[in-house]
Protein chains: 2
Amino acid sequence: MRSVAPIADRSASKSARTRQRIVDAAAAAFRRHGYASVTLKDIATRAGLQAGSLYYHFDSKEDLIDAILSAGVDAAITATRDAVEALGPGADPVARLRAAIAAHVRVVLSEESHASANLRILGQLPDAIRERHLKQQRAYGAFWAALLRDAARAGAIRDDLDLSVVRMLTLGALNWTTEWYRAGRCSPSEVAAHAATMILDGIVRGASPRRRRG
Amino acid sequence: MRSVAPIADRSASKSARTRQRIVDAAAAAFRRHGYASVTLKDIATRAGLQAGSLYYHFDSKEDLIDAILSAGVDAAITATRDAVEALGPGADPVARLRAAIAAHVRVVLSEESHASANLRILGQLPDAIRERHLKQQRAYGAFWAALLRDAARAGAIRDDLDLSVVRMLTLGALNWTTEWYRAGRCSPSEVAAHAATMILDGIVRGASPRRRRG
DNA sequence: ACGGGTTTCTAACAGAGATTAGAAACGTGC
DNA sequence: GCACGTTTCTAATCTCTGTTAGAAACCCGT
């Protein structure tokens with residue numbers, strides 16, 4: 001029997017800790033090599049186990065993927081919403097957008113969260129798995145749509161734009177960072193700042209009024 | 001023996017035409033399903049052949065991938081450079097950027113070119129294959145770097161930005177369109193226009209001086 | 001030290017996919 | 001109608017991966 005497997009903390013059962021180790025190993029492998037080239041043997045080795053032992057913790061490879069996908073989107077949702085809400089209820093909608101952009105970049109580039117592995121393999125999953133997680137992703141998309149809508153209603157956004165296209169382009173710029181960002185040359189925060197400037201104010205010289213961060 | 005296989009046109013040998021059919025089928029499959037979930041049998045079926053017959057035209061699956069990758073980056077390079085050069089030598093550097101953005105989006109969203117398949121599978125390839133094509137991709141990156149550098153030298157770009165970060169964020173926004181764009185709701189040109197506006201001028205209301213297209 | 005539940009290992013199986021060799025079919029100039 | 005080079009098919013091989021069953025090792029309270 002498999003244990004109930006709550007989120008693993010220090011006091012958790014051995015099983016829960018091993019399970020977490022497996023998820024981490026898998027996420028790390030996926031982040032580096034994509035979905036299909038990673039084998040259960042790879043994951044097990046990284047986690048210090050034999051391939052067959054994974055089946056004590058997960059019913060199948062798909063089950064393992066599911067765990068990572070959920071954790072990843074969850075991390076993004078939580079991080080972004082917290083960052084926005086930390087500004088308080090009456091905050092400037094552009095400042096809220098800036099906070100969301102920064103939070104998204106940070107979580108996507110962090111190694112601990114599984115958001116990066118998530119993005120990396122999203123496009124590679126069999127349709128069956130992807131559909132199982134569509135709802136969660138839609139929720140995240142709706143969150144961003146609301147951010148943009150509020151900003152537009154406040155008159156902060158130019159009115160010649162289709163907000164859903166803007167949203168996809170924005171998230172694209174942010175998500176793609178996982179493909180090229182390597183620690184060292186510049187920090188995730190710097191990337192986030194660049195992204196916010198570019199998306200909100202544009203790269204062309206010529207003052208757009210809002211430049212300071214909230 | 002395999003024939004020399006030039007680019008296939010109508011007058012080409014039967015072999016060359018079949019080869020092209022295979023490449024097209026493979027690119028279409030990759031664009032839809034990613035790299036590893038596409039089997040040689042799938043590709044062969046789409047091309048109207050048996051799996052084994054592919055080996056008359058390609059030495060291996062990797063060889064086939066290589067053909068698609070080269071064609072894809074080639075298409076992007078050609079399309080973008082042509083669009084920029086069509087503006088003439090003395091064109092406004094921001095207009096050149098706008099043209100490059102539009103051309104990149106168009107080629108990436110076109111079904112015929114293999115650029116979309118290319119992007120889709122880039123992150124999923126075994127390292128060996130990817131490294132073989134790094135040089136070509138670097139060349140494309142250098143082209144964009146030059147576009148941005150010229151614009152910056154002309155004083156058209158705000159000076160608080162790291163241009164290589166801007167470049168990656170920009171290409172990210174454009175490349176990610178392959179993940180969400182579906183024909184119907186709006187045209188690739190509209191997406192391109194939104195991307196250019198967002199990247200160059202920002203989405204926040206408040207006049208940035210350059211809005212008209214070249 | 002013992003016993004029972006928990007966790008991991010070992011050694012297999014089944015299926016799929018890339019690849020190959022050789023046979024068949026095709027097409028074309030004579 | 002034939003011979004020969006080209007193109008495709010068929011059937012088999014070989015390797016790899018997910019998966020499973022059962023044996024071993026581990027852990028811990030008594």
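Quick note on labels: first sequence line is chain A, next is B, and so on, each numbered from 1. Reckoned from all heavy atoms, side chains included, excluding hydrogens, waters and symmetry mates.
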For A:R46, check side-chain contact (heavy atoms from CB on, under 4.5 Å) against everything at least two apart and list the hits.
A:A25, A:A28, A:A29, A:R32, A:H33

Whole Å only: how far is the CZ atom of A:R17 from the P atom of C:dT6?
16 Å

Pairing residues for A:A196 by the side-chain contact (heavy atoms from CB on, under 4.5 Å) criterion, not counting sequence neighbours:
A:R98, A:I101, A:L200

Atom CG of B:L64 and atom C1' of C:dT19 are separated, to the nearest Å, by 14 Å

Whole-Å distance, B:D63 CG to C:dT20 P, equals 12 Å

For a quick check, with a 4.0 angstrom heavy-atom cut-off, what is the B/S/- contact string for nucleotides 8-24 of chain D, read 5' to 3'?
BBB------SSBB----

Residues pairing under salt bridge (charged side-chain N to carboxylate O under 4.0 Å, His left out) where one sits in residues 126-137 of chain A, two or more places apart or in two chains, turn out to be A:E62-A:R132, A:D66-A:R132, A:D127-A:R130

Using residues 140-148 of chain A as the side-chain source, report each donor-acceptor pair under 3.5 Å to any protein atom, sequence neighbours left out, with the distance given to one decimal.
| residue | atom | partner | partner atom | Å |
| --- | --- | --- | --- | --- |
| A:Y140 | OH | A:T80 | OG1 | 2.9 |
| A:Y140 | OH | A:H104 | ND1 | 2.6 |
| A:Y140 | OH | A:W144 | NE1 | 3.1 |

A:T78 meets the side-chain contact (heavy atoms from CB on, under 4.5 Å) criterion, sequence neighbours left out, with A:D82

